[in-house]
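Below: the structure, in structure tokens.
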There are 2 protein chains.
Amino acid sequence: MTTLLDVARVAGVSRATVSLVCRNSPLVADKTRLKVQRAMAEVGYVYNRSAANLRSSLANTVVLIIPEIANPIYSDLLSGVEEILTPLGIAVFIADTIESLERQSQILLRMLEMRVDGLIISAVAGTSPKSLDAYIRMGIPVVQVMRGIEGAQFDFAGTNNRLGTRKATEHLLSLGHQRIAFVGSAISPSVNQQRYLGFCEAVEMHGLAVDAMPVILSRHSFNAGALATKTLLAQPVRPTGLICFNDPIAFGATLGLYELGLVPGKDVSVVGFDDIEAARNWRPPLTTMSIEAQLIGKHAAMLLAERMKNRDLPISSLVSEAVLKKRETSAPPRIRA
Amino acid sequence: MTTLLDVARVAGVSRATVSLVCRNSPLVADKTRLKVQRAMAEVGYVYNRSAANLRSSLANTVVLIIPEIANPIYSDLLSGVEEILTPLGIAVFIADTIESLERQSQILLRMLEMRVDGLIISAVAGTSPKSLDAYIRMGIPVVQVMRGIEGAQFDFAGTNNRLGTRKATEHLLSLGHQRIAFVGSAISPSVNQQRYLGFCEAVEMHGLAVDAMPVILSRHSFNAGALATKTLLAQPVRPTGLICFNDPIAFGATLGLYELGLVPGKDVSVVGFDDIEAARNWRPPLTTMSIEAQLIGKHAAMLLAERMKNRDLPISSLVSEAVLKKRETSAPPRIRA
DNA sequence: TTTTGTCTTTGTATCGATCTAAAATTCCGG
DNA sequence: CCGGAATTTTAGATCGATACAAAGACAAAA
């Protein structure tokens, strides 16, 4: 295994100089730099980050902790994060907690032991702020993304859920729908609460009774969305529009409609939430609220980068607004009420 | 920041003893171990992995490099890998190359610099075996998964693609289908080649003409699958069954059928490949070939673990057989030919 | 009591890069 | 060609855990 010393010997300079070249410091003269780089190539030198990290306590590494890697919004989020951090020479690792508190604390400990430079976390429901105390003690910046931790004092990047569903619901109301169902989440109670509130706001602002609007909770799968939809449409008075908690549920809803011989966007309108990539590739293309996950990722990364530069900044939130993507699953209701 | 020395002082033992406790060595007496653990808790000690890694050149870390994190088969793969490696005290990191050779080499370099203990890689198309030479030089074990690298001498875990599509096609043939289309991949030429071969084999073994079977290539999106399907069904002689390259394309195919007013599994049969979680949650549940990605993940991890113990083992492959998951999108053709 | 052997514990050198402060070199105007 | 400033380079200590060999503790056997 070759080290700085080997390179130094071949290049005929000191260890310290080679180290400076590694970190491309402006201190070294161009001639020397070239000589060193040639020597590095010659001996096949590979930088040892553990050693560097031990001495400098800078890992140039940030971890993105997400609850469910299979959910495509997190890959959008990741690409936003990388867009900001990669040019800064920071590597981004991903860790998947699979919605398990135990796994999450394992991962948190591991990252602490690795002395990562920062954390972007979409915490599992029920996470205690105490589980991040060690990070505060060690001065490692933490940014919350998408999901906040109750009672935690960290920067946050996310979307305005309440406003988002309000806009979605207003869209259907303005198309003339009078009976709109809310297909909520049985998985993320806190976010669901916010999104349901927005739904209620829109309905009330339109002078309709919230009680008249059916509500059902669903898991985040196609099948669950389809079942929920079939249940809703089996009721005596059918809704003409569906506001879904997220896109996968909305996809399930359209599948459920097809099974009932109904055409989404013609017989019943369906609106999703998130705007994952599949939404624009759906048939028919799904009307949904875009949270612009990639932008949220950029926000989170920017907050983290700022705080890495200066830990005394006041805590801040970057809450973006979801925008309506009107596609083909929403239209005026067939029969005006 | 507290170190081994701080703990040692509080516990009244030497630094070396504390180090042994960290690695829960059986050498320390139970009484001492307890004393040390109490001291650790008291001073809030956090293990420093960079220091440990520098000295022992053991990172207890393995990286899984995948080309597309949004593809759900990789999350199954990951869970299989973790099932094997986590109990061994090895942390698994995920890195996403987003099908970019440049990003892949960045990541490979980074991992080398971190002196990870092993690599499981599903390489980007066009990867040169040379890009892994440094790993051979440094004696870091590498296992290929799902996709092989042309000309590389590493262990491999994956599925038998040819046999898989052969079985899928035989399933439709045995149901009585005479005209079956192959909806291939425009993205992964090498895997597509293998899968198409299996399709041809089945057709020929059944005494039918391969030339009579329509073939079309598709990207891996719902939309592309739907379009391909509509193109196929616009032909004068319609296929009664579709063998799709993977599940997302098959999903697209069912959506395309719905748009044409046809019912998947009744009017036209659709068979997918991979058996991602969404397949059993699809409406109707999708008939598909399960590659058991989780099992493949376990295989890859086992191969890696073996090689970490002994680098002189002969190179080996673990190729598993895909199994048919007969669900509701396949049935005998409507009109017998 | 001494010897032997098993269990535990420890002192010290070491891993490879970085920090610091100081030394060496170069540059330039006078 | 010199002095002083600016630019480069360097020696040596250091980060925190681990390897190794050797020492200490203790019980049982002689």
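Worth saying up front: this structure is predicted, and the values here are computed from it rather than measured. Quick note on labels: first sequence line is chain A, next is B, and so on, each numbered from 1.
Look at R23(B) and you'll find a side-chain N or O under 4.0 angstrom from OP1 or OP2 of dA19(D). Side-chain nitrogen and oxygen atoms of T17(A) include none within less than 4.0 Å of the OP1 or OP2 phosphate oxygen of dT8(D). Taking 4.0 angstrom as the limit, S19(B) places none of its side-chain polar atoms (N or O) nearer than this to OP1 or OP2 of dA17(D). Between S14(A) and the phosphate of dT10(D), there is a side-chain N or O to OP1/OP2 separation shorter than 4.0 Å.
The distance between atom NZ of K35(A) and atom P of dT10(D), rounded to the nearest whole Å, is 8 Å. Taking atom CG on L5(A) and atom P on dA17(C), their separation rounds to 9 Å, with Å as the unit. Taking atom CG of residue L54(A) and atom C1' of nucleotide dT14(D), one finds them 9 Å apart after rounding to whole Å.
The 5' end of DNA chain C is approached more closely, in terms of each residue's nearest nucleotide, by L27(B) than by the other of L27(B) and R115(B). With the nearest nucleotide of DNA chain D identified for both R15(B) and D30(A), D30(A) has the one nearer the 5' end.
Within 4.0 Å (heavy atoms only), A16(B) reaches at least one base atom of the nucleic acid. V13(A) comes within 4.0 angstrom of the backbone, heavy atoms only, and of no base. As judged by a 4.0 angstrom heavy-atom cut-off over every strand, T32(A) is placed among residues touching the sugar-phosphate backbone only.
At a cut-off of 3.5 Å, with distance as the only test, a side-chain donor of Q104(B) or T127(B) sits close to an acceptor on the other residue. No side-chain N or O of T97(B) forms a donor-acceptor pair with one of S100(B) less than 3.5 Å apart. Under the 3.5 Å distance criterion, with hydrogens and angles disregarded, no donor-acceptor pair is assigned to the side chains of R15(A) and S19(A). With no hydrogens or angles considered, a side-chain donor-acceptor pair links E83(A) and Q294(A) at under 3.5 Å.
Closest non-hydrogen pair, L54(B) versus N48(A), comes out as CD1-ND2, 4.3 Å. For the pair I149(B) and P129(B), the tightest heavy-atom approach, listed with the atom from each and the gap, is CG2-N, 4.0 Å. Counting all heavy atoms, side chain and backbone alike, V46(B) lies closest to M138(A) at CG2-SD, 3.8 Å. Minimum interatomic distance between A95(A) and V63(A) (heavy atoms only, all atoms of both residues): CB-CG1, 4.3 Å.
For A29(A), the listed nucleotide lying nearest its side chain is dT8(D); candidates were dT18(D), dG16(D), dT8(D).
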In residues 152-159 of chain A, what donor-acceptor pairs under 3.5 Å come from side-chain atoms, sequence neighbours left out?
| from | atom 1 | to | atom 2 | distance (Å) |
| --- | --- | --- | --- | --- |
| D155(A) | OD1 | R307(A) | NH2 | 3.2 |
| D155(A) | OD1 | S316(A) | N | 2.8 |
| D155(A) | OD2 | R307(A) | NE | 2.6 |
| D155(A) | OD2 | R307(A) | NH2 | 3.4 |
| T159(A) | OG1 | S320(A) | O | 3.3 |

Sub-3.5 Å pairs of nitrogen or oxygen atoms, protein against nucleotides 22-26 of chain D:
none

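For the helix from dT1(C)-dA30(D) to dG30(C)-dC1(D), the terminal axes (five pairs an end, C1' atoms, rotation from four pairs onto the next four) enclose an angle of 40°, given to 10 degrees.
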